[in-house]
Number of protein chains: 2
Amino acid sequence: MLTRRALLDSALHVFAASGFEAASTRTIAAGAGVRQSQLTYHFDSKDVLWRAAVDHLFGRFDHELIAAIEPGPDDPASLFARSIRALVRAVSRLPELNRIMVHEATGDSERLAWIVESHVRARFEQLETLWRALRASGATTLDAEPVIIYYTILGAASLLYVNAAEARRLVRSDPSHDVIDDALIEAHADTLVAMLLGPSRPSARARTVKRG
Amino acid sequence: MLTRRALLDSALHVFAASGFEAASTRTIAAGAGVRQSQLTYHFDSKDVLWRAAVDHLFGRFDHELIAAIEPGPDDPASLFARSIRALVRAVSRLPELNRIMVHEATGDSERLAWIVESHVRARFEQLETLWRALRASGATTLDAEPVIIYYTILGAASLLYVNAAEARRLVRSDPSHDVIDDALIEAHADTLVAMLLGPSRPSARARTVKRG
DNA sequence: GTCTATAATTAGATAGAC
DNA sequence: GTCTATCTAATTATAGAC
């Protein structure tokens, strides 16, 4: 059962880095410190492993998301702002989820159908509800269909971390210090909240982090 | 030379759909209607073909971008708004570019280094200049480092089209009509401009397109 | 310039010992 | 539950006829 967990963690990273087809089961096994044949013992096939790894990944993501949300008042604007901040923090800590999504969503497939119905649709509808409450409260003047809001927010929140290797090449300055640090992540969250709700909605956490 | 062009177009689609490693040279050749060995005749290797396809793709993207920009006054705010609208239109018409970028940028590599220095850095600096002019004009209250602005805007503009297959599954209603149509793209551009510059900056094109 | 044929490597999956 | 060894099929690249 320990091997199983090690395989899931390794699979998560390899699938995120390479996509399903380019990911080698031997590489995944090596990352877990076991032989390739262990993989078909604990999981029936590469496809079954992929689904298990994605379930595992969404579970970890939910954990990150809950850990990242700050307490605060439950009016729609505050709730929305705190949700956006938590989203930015979670995708920055677990970029593997959004990497797997872009790998799979570039074309239609059985795997995409499965991941949409198993994991994505519920989250889409959750944001839709949050957005409708925000609109009804009058806290935003933005008006667009949910699908536009969903992909605009998710893209704005995730691309910096999905493409982190590119971002590091674009702005590399001091090699000893990662440019994608907590201060940058909080500044990013601030920017996205300001874009969606207007200026002057400081977070509780922003003041405790040094700004770059 | 006609075969060469056909191979480039096919390669562009296959690399965007699958990523470099998972893309098969036989599939690319089949897409161009020729044999696999033609590929090593016109290009030395899969890697050389990839670079040529990416050059070709950025060329086509520039063409889309220029075609999508509307005439208008050249004050920073108008210039910025029209640039954002053109960006949304271009990425919607050629999502292959951003798909290839996410495939490559999930991890560091020789190919990533090449694409950043050959194509991305100049565009990054172009947006940086445009952004500084906008800031100086006082047309936005948003304040963030260029790398945050770059990935927030690009992610917000591109994810809907990069993940188009997923978006179609999320909102499928009438199967005979694509949900990602011109009206949705213009509404998306409107939303992004409003997020960056505030409400009430209608485009010339928005009024000529039926809204969903 | 395009083709057929194939070499060399690697992939996922399986068999069977322990 | 883990291992070694191997099967079958797919991959990129190459050789050489026309």
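Just so it is clear: chains get the letters A, B, ... in the order the sequence lines come, proteins before strands, and each one is counted from 1.
A donor atom on one side chain and an acceptor atom on the other are found under 3.5 Å apart for A:Ser176 and A:Asp174.
Between the side chain of A:Arg26 and the backbone N or O of A:Gln36, no donor-acceptor pair lies under 3.5 Å.
Under a 4.0 Å N-O distance rule, the pair A:Asp182/A:Arg93 qualifies as a salt bridge. Comment: B:Asp108 engages A:Arg169 in a salt bridge, judged by a side-chain N to carboxylate O separation of less than 4.0 angstrom. Classification of B:Arg60 and B:Glu64 as a salt-bridged pair fails, no side-chain N sitting under 4.0 Å from a carboxylate O. With respect to B:Arg51 and B:Asp47, a salt bridge is recorded, a charged nitrogen being found less than 4.0 Å from a carboxylate O.
Checked against C:dC3, D:dC3, D:dT2, the side chain of A:Val34 finds its nearest nucleotide in D:dC3. Relative to the side chain of B:Thr3, the nucleotides C:dT2, D:dC3, C:dC3 differ in distance, and C:dT2 lies closest.
At least one side-chain nitrogen or oxygen of A:Tyr41 sits closer than 4.0 Å to the OP1 or OP2 atom of D:dG1.
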So if I define the base as every atom that isn't primed, P, OP1 or OP2, how would nucleotides 11-18 of chain C read as a B/S/- string at a heavy-atom cutoff under 4.0 Å?
SBBB----

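Between the CZ atom of B:Arg35 and the P atom of C:dC3 there is a distance of 6 Å, rounded to whole Å. Distance, B:Phe43 CZ to D:dT14 P: 16 Å, rounded to whole Å.
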